Amino acid sequence: MKGRLKVAEIPEQELNEQMQVRLGKLKELQAKGISPYGQRYERTHYASAIRENYEELAEKDVVVAGRLMAKRTMGKASFAHLQDFSGQIQIYVRLNDVGADNYEVFKSIDIGDIIGVQGYVFRTRTEEVTVGAKELVLLSKSLRPLPEKWHGLKDVELRYRQRYVDLIVNPEVKKVFVLRSKIIQAMRRYLDARSFLEVETPTMHTIPGGASARPFITHHNALDIDLYMRIAPELHLKRLVVGGLEKVYEIGRVFRNEGISTRHNPEFTMLELYQAYADYHDMMQLTEEMIAHLAQEVLGTQKVIYQGTEVDLTPPWPRLTMVEVVQKYTGADYYAWASDAEARQVAKDLGVSVSAQATKGTVLSELFEEKVEEKLIQPTFVLDYPIEISPLAKRKTDDPNFTYRFEVFITAREFGNAFSELNDPLDQRERFKKQMEQRAQGDEEAQLHDEDFVKALEVGMPPTGGLGIGIDRLIMLLTDSPSIRDVILFPTLRPRQDM
RNA sequence: GAGCCAUUAGCUCAGCCUGGUAGAGCACCUGACUUUUAAUCAGGGUGUCCCGCGUUCAAGUCGCGGAUGGCUCACCA
């Protein structure tokens, strides 16, 4: 019979007593002509809808379906809790109501099995809204015991590896992922309402660009070429702005071949958007308005608590240049440095190690990362990044050593990166050359020269503002999750043979 | 990649310091019970103590090596 499980197919060492018992029950049901894996089932109400609309539904018939989460058998009558997507509802099964055969079947049903129940809505003596079963059908037999009912599944490794179990027994986990979906939906609505066009660009690139990061390499057989999983959609999106798609965005996965931590997963989700005829000031306004709007819409407030600290997302957020913010927190004054060597000495005096080739700009950025970032708990825009570390951003007209670029920090983490896009193809080609020189000197994360992208700029790109936001970190903030793995359904883990 | 910590029953955890018959709760099994809700009552332990090597008369416990995970750091967003 199709779908029938042979005992031999389950690894022997996993066949513990509880699984053997369940397999035995499955076979008994089959012997009685009852399929343990049912067909389409038409339910009328979610569990929560019945609890919330008791007055209308009292004494009426409903059909519910879900997973059996608790079972209390008292001889010829039983209570149980059924869990569906919306929550739980109690069911009451009485021998007199369902008949001896059905009651026997019910007694053999295990916690974890998926059943359908048709019955009348009533309240028990203790006022709990309950479905009194008239008919009951097994829709799917569960062969593995669920974790314990009070403590749930705590083992973090098991929670990530068997997210399906985590979602069943830890209700707050489901809540986080429902919120994640709502936040991204609201983000799309926000951008769509402002006439941004959602696009999809390749995730496999011949030249990985748009960010400084090491890529994953893969291979296309028919073309016999190596391809790189994208580290950013940036260069393709800007090609679209050249093509006249004046406001575009993409919400999609990017891949970076780097370390894993509570804030980093090798694949993560980014929002990138580009707006022709705008600049980075427009991007700041859009950033603070959109994030505040998302918090308001999904959480009903712009003051969120993250790991015990209140973060106020109400716009406007402070704007400080990198030079200002470094001076504020370290006392070091960029404009007082006469040379790169003097800058390096200042770094040394502050206990920040920089390379022997470090320039004033890279020293400034190192000081910022080492001494300032950790202080930026409330939302803060940091403006005007050094040109050396910003190869895709437009040079400032009043100071060629800096760019019209900002990053936004909340809870000491970078949430977004944006610039007035560099649209001068000659300058862009020069910047790529500089990056390639750094690469030749061993910097594996320096950006690659993408001549086709330069060609696109030669066709002509309007002045454009661009913005990238790390979605996972935003979800962490809005769901108060301490680890990025709490907001990614299947975080990257090393595979195990024994699990 | 480095440091610290963890890994014992299906799940949540004791036991390790101070080596001597493998423990608890839930789950499960047998029986009782027609409004229970951490149901209750009577009975039953179901185990590759993460893996390997070593020390020892004897290792879940001590030592060394390894695996996986968590946290911190590094890299990065």
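Naming: A, B, ... by sequence-line order, numbering from 1 per chain. Nothing here was measured: the structure is a model prediction, and the numbers come from that model.
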- request: Using a heavy-atom cut-off of under 4.0 Å over every strand shown, decide if Glu414(A) touches base, sugar-phosphate, or nothing.
  value: sugar-phosphate

base_contact_polar (rU36(B) base, Arg72(A) side chain, donor-acceptor, <3.5 Å): yes

- prompt: Nearest to the side chain of Lys154(A), which nucleotide is it out of rC13(B), rU36(B), rC11(B)?
  reply: rC13(B)

- request: Map every base of RNA chain B to its dot-bracket character, where paired means a Watson-Crick or G-U wobble contact with both distances under 3.5 Å and | marks a partner outside the strand.
  value: (((((((..((((......[..))))((((((.......))))).)...(((((..]....))))))))))))....

query: Is there a side-chain polar atom (N or O) of Arg485(A) under 4.0 Å from OP1 or OP2 of rC71(B)?
result: yes

message: Please give the distance between the P atoms of rC17(B) and rA6(B) as a whole number of Å.
response: 14 Å

Using nucleotides 23-28 of chain B, report all nitrogen or oxygen pairs with the protein that are shorter than 3.5 Å.
residue: rA27(B); atom: OP1; partner: Lys149(A); partner atom: NZ; Å: 2.8
residue: rA27(B); atom: O2'; partner: Gln18(A); partner atom: OE1; Å: 3.3
residue: rA27(B); atom: N3; partner: Gln18(A); partner atom: NE2; Å: 2.9
residue: rC28(B); atom: O4'; partner: Gln18(A); partner atom: OE1; Å: 3.4

query: Do Asn96(A) side-chain and rU34(B) base share a donor-acceptor contact under 3.5 Å?
result: yes

message: For a quick check of understanding: with a heavy-atom distance under 4.0 Å over all strands, which category does Ser78(A) fall into, base, sugar-phosphate or nothing?
response: nothing

Sort me out a list of protein N/O and nucleotides 73-75 of chain B N/O pairs below 3.5 Å, or just none if empty.
residue: rC75(B); atom: O2'; partner: Glu445(A); partner atom: OE2; Å: 3.4

message: Can you confirm whether more than 12 heavy atoms, excluding those of Arg439(A), are under 6.0 Å from its CZ atom?
response: yes

- prompt: Toward the 5' end of RNA chain B, which comes first, Leu493(A) or Glu407(A), by nearest nucleotide?
  reply: Leu493(A)

statement: In 5'-to-3' order, the base (B), backbone-only (S) or no-contact (-) status of each nucleotide in nucleotides 2-7 of chain B, using a 4.0 angstrom heavy-atom cut-off, is ------

- prompt: Under the ring pair (Phe, Tyr, Trp, His ring centres under 6.0 Å) test, which residues partner Phe368(A), sequence neighbours left out?
  reply: Phe409(A)

statement: Residue pairs passing the salt bridge (Lys or Arg N to Asp or Glu O under 4.0 Å) test with at least one member in residues 361-381 of chain A, sequence neighbours excluded, are none

Ile91(A) CD1 - rU35(B) P separation (whole Å): 16 Å

message: Using a 6.0 Å distance limit plus a 45 degree cone around the ring axis, check whether Lys60(A) lies over the aromatic ring of Phe122(A).
response: no

- prompt: Which of these nucleotides, rU36(B), rU12(B), rC71(B), is closest to any side-chain atom of Asp155(A)?
  reply: rU12(B)

